[in-house]
Amino acid sequence: MAEWQRTHTCGDLREEHIGQTATLNGWVLITRNFGNQVFVDVRDRHGLTQVVFEADNPELFKAANDLGREWVLSVSGKVRRRVPGAERIDIATGKVEIEATSVTVLNPCPPLPFSVTEFPDEKLANEDLRLQYRYLDLRRRSLQQVLILRHRINKVIRDHLDARGFLELETPLLGKSTPEGARDYLVPSRISHGEFFALPQSPQLYKQLLMVAGYDRYFQIARCLRDEDLRADRQPEFTQLDVEMSFIESDDVLALMEGLAADVFAQCLGVTLPIPFSRLRYSEVMAKYGSDKPDLRFGLEIIDVTDIASESEATFLKEAVAEGGVVRAINVKGAAAKYSNTQLKPGGELPKIADANKARGLAWMKAEGDKLTGSIEKFFPDPLKARLRERLGVEPADLLLFVAGSEAVVSEALGALRTHLGSALKLYRNWWDEKAEYDAAEEERAKKEKRRATPFALRPEHFRFLWVTDFPMFGWNDEEKRWAAMHHPFTAPMDEDLPNLDTDPGKVRAKAYDLVLNGYEVGGGSIRIHRQDVQSRVFKLLGMELEDARKRFGFLLDALQSGAPPHGGIALGLDRWCMLLAGTTNIRDVIAFPKNQKARDLMTGAPAPVDARQLKDLGLKPG
RNA sequence: GGGGACGUAGCUCAAUUGGUUAGAGUACCGGACUGUCGAUCCGGUGGUUGCGGGUUCGAGUCCCGUCGUCCUCGCCA
């Protein structure tokens with residue numbers, strides 16, 4: 001062992017080590033210089049230890065005075081008790097310190113582009129700067145904790161699935177483009193000019209083939225790549241927990257995932273999730289929440305009032321109903337005073353949202369005392385008003401919002417309003433906001449009472465899971481005038497809907513399910529088609545002629561008639577899980593080396609031009 | 001591709017209606033100092049106000065363009 005190598009990490013030393021000699025390796029967090037002493041806080045990912053340099057060793061003392069932030073050190077010395085009154089209760093090593101007898105500078109460090117110390121009221125540097133120097137940003141304690149959490153989530157997943165007989169199997173990155181879905185990242189072949197591999201959007205095809213091959217319980221923590229525009233919760237490359245099982249039905253997959261989620265939350269956050277999770281059919285969730293991934297931490301449900309509206313004297317409502325549309329409402333409890341009549345006029349905050357979602361206007365009423373007032377009040381005679389009150393559970397000060405039109409438009413518009421109102425009226429709180437508030441107050445109390453702060457306790461109600469089931473199999477793509485798979489083209493239709501496959505595709509429901517957490521889609525899967533004839537019919541419906549399908553996916557069709565067992569599975573978006581467990585809404589916070597919104601890596605500069613020689617080898621011409 | 005927000009010392013921010021030499025905190029450098037813990041105190045260095053053009057006696061501030069970052073719609077089974 002080299003003489004500078006550590007005997008302990010910076011988080012190890014306790015009172016029991018007093019009197020021993022120790023060597024620490026780490027980074028200088030900060031130094032505090034006095035005439036006769038220098039205190040140096042040495043930090044690594046395990047913790048923080050105070051090192052004291054005394055003036056009675058002039059050479060050592062001089063060296064200590066020269067140390068700067070983020071220098072890398074090896075420090076040796078004797079562990080000793082801190083003087084009474086100088087203990088720290090907020091860090092694990094706070095009762096001891098090291099009296100330095102030697103220090104080796106393993107690497108000095110110039111002043112850095114931004115601070116990595118993370119003091120409580122210190123604002124973070126701009127994100128693009130932090131992404132450019134990601135290795136420094138990752139040195140920040142909170143980012144280290146996120147990546148440590150991510151490791152623990154992965155570990156719990158692997159242990160959980162291993163204990164249940166699953167095999168972790170790897171599948172290729174260089175593969176073949178799958179039909180539908182996102183744009184592929186392509187990799188040119190050097191050996192076959194003009195031909196390309198596609199990087200996987202998911203291991204979908206391979207895992208089905210593994211089922212055909214008899215590996216009846218498979219999982220993989222797999223990188224997936226999709227060349228689409230980015231969002232706060234979307235990266236071009238991301239990680240899925242990919243799972244597939246044979247001889248099972250939907251419920252088996254859901255139960256497995258509930259057990260897994262409970263295990264992850266228990267072991268990583270100490271939260272006991274209530275299982276089974278809520279379940280709603282797609283049709284229900286769209287009608288009730290106007291979204292296929294509703295945040296169930298608040299109510300504000302959509303209520304149908306088509307029958308009442310059709311009896312009103314409002315022409316635009318009656319017309320909407322006559323055209324086969326619906327009229328639906330949400331009752332924003334107690335919000336009448338929060339939105340002025342002016343704000344509710346066209347162009348106001350809420351009508352703008354309705355308009356942006358293709359609704360033809362937003363109608364409203366307010367319950368002022370026991371009277372209803374507002375834009376459409378006059379069209380509703382008293383008996384109708386009474387029915388409205390009952391249907392919507394109206395109480396004084398409520399604000400009622402109405403949208404009329406086709407079912408899809410009404411759902412979407414009211415769903416968008418519901419989401420907006422949920423955050424605008426603070427109908428729910430993110431747990432990390434609650435935690436920040438708690439931590440500030442608790443720290444204050446703990447300081448006053450000279451005790452260690454009690455950590456914030458997460459509660460099950462901070463995490464509202466929901467299964468959405470019974471998705472439609474196909475959606476009509478109006479631009480391309482054809483049916484498209486809602487999930488993917490390998491999803492099995494419900495048995496009882498099979499007869500409709502050729503006659504009325506819009507009515508066919510899929511054996512598909514999505515997992516939703518606090519308004520985020522965090523997983524999705526299905527039972528797959530395991531019969532070649534059904535798969536061929538689906539390909540055909542999607543506009544792929546049998547010959548074409550044979551050419552592109554002959555291997556799959558062959559596999560399906562080579563003894564394919566019934567099978568199905570799911571994929572969880574692990575980055576989003578990490579986000580929600582770590583308490584952030586930015587996916588870049590849970591990825592060690594993320595891309596920015598333009599899909600660039602600001603640190604390495606990728607994507608970047610390549611040598612003409614490389615292009616030539618690949619048979620490509622510069623653009 | 002559309003909409004929105006932002007861009008001022010290394011970093012985080014300020015700068016009144018368009019008006020003096022663009023300030024503060026922090027970092028950094030120098031000095032003082034026996035127990036600090038984001039030490040304290042004193043002094044100092046540090047600016048192409050993203051870039052280009054325009055209006056004006058005068059632009060960080062107004063206008064046009066451009067670049068960059070983030071959020072969002074489209075898109076993403």
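In what follows, every heavy atom counts, from backbone to side chain, and hydrogens, waters and symmetry copies are set aside. The chains referred to below are lettered A, B, ... by the order of the sequence lines, with proteins before strands, and numbering in each begins at 1.
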Of the candidates B:U34, B:C71, B:U36, the side chain of A:Asn36 sits closest to B:U34
From CG of A:Leu230 across to P of B:U72 the rounded distance in Å is 11 Å
| request: Using the C1' atom as the reference point in each nucleotide, state the distance between B:G10 and B:A27 in Å, no decimals. | output: 7 Å
Fill in: Centroid-centroid under 6.0 Å between A:Trp483 and A:Trp476 rings
yes
Q) If you look at every strand shown and take non-hydrogen atoms under 4.0 Å, does A:Ala86 touch a base, only sugar-phosphate, or nothing? A) base
Next on the checklist: Within the 4.0 Å heavy-atom criterion, would you say A:Thr491 contacts the bases, only the backbone, or no part of the nucleic acid?
Outcome noted: nothing
When rounded to the nearest Å, what value does the distance between C1' atoms of B:C28 and B:U45 take? 8 Å
field: Side-chain donor or acceptor of A:Lys450 paired with backbone N/O of A:Ile89 under 3.5 Å
entry: no
**Message:** If the cut-off is 4.0 Å, is A:Arg588 near the phosphate of B:C71, judged by side-chain N/O to OP1 or OP2?
**Reply:** yes
Worksheet item: Does any N or O in the side chain of A:Glu118 come within less than 3.5 Å of the main-chain N or O of A:Ser142, such that one atom is a donor and the other an acceptor?
Response: yes
| query | Reckon A:Arg231 has a side-chain N or O less than 4.0 Å from the OP1 or OP2 of B:C70? | reply | no
C1' spacing across the pair B:U36 / B:G46, given as an integer number of angstrom
29 Å
Using Watson-Crick geometry (N1-N3 plus N6-O4 or O6-N4) or G-U wobble (N1-O2, O6-N3), each under 3.5 Å, B:G18 is paired with none
By nearest-heavy-atom nucleotide on RNA chain B, the more 5' of A:Gln201 and A:Ala356 is A:Ala356
The single option from A:Arg281, A:Lys511, A:Arg279 that satisfies side chain to side chain contact (heavy atoms under 4.5 Å, CB included) with A:Asp470 is A:Arg281
request  = Look only at the side chain of A:Asp184 and the backbone of A:Ala198, and say whether a donor-acceptor pair between them is shorter than 3.5 Å.
outcome  = no
Rounded to whole Å, the CZ-C1' distance (A:Phe39 to B:C33) equals 12 Å
- Phosphate-side-chain proximity, A:Arg32 and B:U36, N/O vs OP1/OP2 below 4.0 Å: no
Hey, does A:Arg80 reach any base, or is it just sugar-phosphate, or nothing, if we go heavy atoms under 4.0 Å? base
Mind checking A:Asn33 for me? I need base, sugar-phosphate or nothing, with any heavy atom below 4.0 Å counting as a touch.
-> base
Looking only at B:A39, B:C37, B:U69, the nucleotide nearest the A:Gln50 side chain is B:C37
Of the candidates B:A39, B:C76, B:G74, the side chain of A:Ile30 sits closest to B:A39
In numerical order, the residues of residues 118-142 of chain A whose heavy atoms come under 4.0 Å of RNA chain B are A:Phe119, A:Asp121, A:Lys123, A:Leu124, A:Ala125, A:Asn126, A:Glu127, A:Asp128, A:Leu129
Please check: side-chain N/O of A:Asn430 versus main-chain N/O of A:Asp433, any donor-acceptor pairing under 3.5 Å? no
Per salt bridge (charged side-chain N to carboxylate O under 4.0 Å, His left out), A:Glu442 is matched among A:Arg451, A:Lys448, A:Arg452 by A:Arg451
* B:U56 and B:C73: how far apart are their P atoms, nearest whole angstrom? -> 43 Å
- Item | Between A:Phe53 and A:Phe61, ring centroids under 6.0 Å | no
- Message: Under 5.5 Å centre to centre and under 30° between planes: does that hold for A:Phe34 and the six-membered base ring of B:A39?
- Response: yes
From CD of A:Gln597 across to P of B:C76 the rounded distance in Å is 17 Å
Between CD of A:Glu97 and C1' of B:G35 the distance, given in whole Å, is 8 Å
note: A:Leu48, atom CG; B:C37, atom P; distance rounded to Å ~ 14 Å
A:His420 NE2 to B:U72 P, in whole Å, measures 15 Å
_Less than 4.5 Å apart, side chain to side chain, heavy atoms only: is that true for A:Glu521 and A:Leu515?_
no
Run the numbers on A:Gln37 and A:Glu54 for side chain to side chain donor-acceptor pair (under 3.5 Å), then give the verdict. CA-CA 5 Å; A:Gln37 277 164 323; A:Glu54 305 281 359; 3.3 Å; yes
When rounded to whole Å, the CD1 to C1' distance for the pair A:Ile98 and B:C37 reads 16 Å
Any strand, both distances under 3.5 Å, Watson-Crick or G-U wobble: B:G25 pairs with B:C11
- Span that lies between the C1' atom of B:G25 and that of B:A15, in whole angstrom: 15 Å
* Expressed in whole Å, how much space separates the P atoms belonging to B:C6 and B:G50? -> 13 Å
Sorted by number, residues from residues 61-72 of chain A placing a heavy atom under 4.0 Å from RNA chain B are A:Arg69
Given 3.5 Å as the limit, does a donor-acceptor pair link the side chain of A:Asp128 with the main chain of A:Leu131, or not?
no
Could you give the distance separating B:C33 and B:U17 at their P atoms, to the nearest angstrom?
49 Å
A:Asp56 CG to B:U34 P, in whole Å, measures 14 Å
Closest to the side chain of A:Glu54, out of B:G35, B:U72, B:C37, is B:G35
By the Watson-Crick or G-U definition, both distances under 3.5 Å, B:C6 is matched with B:G68
In this structure, CG of A:Asn518 is separated from CZ of A:Arg576 (nearest 0.5 Å) by 13.5 Å
By nearest-heavy-atom nucleotide on RNA chain B, the more 5' of A:Gln204 and A:Asn596 is A:Asn596
Closest of B:C75, B:U36, B:C11 to the A:Arg234 side chain is B:C75
Re B:C41: Watson-Crick or G-U wobble partner, both distances kept under 3.5 Å, found to be B:G31
Review point. What distance, rounded to whole Å, do you find between the two P atoms, one in B:C13 and one in B:G31?
Key: 33 Å
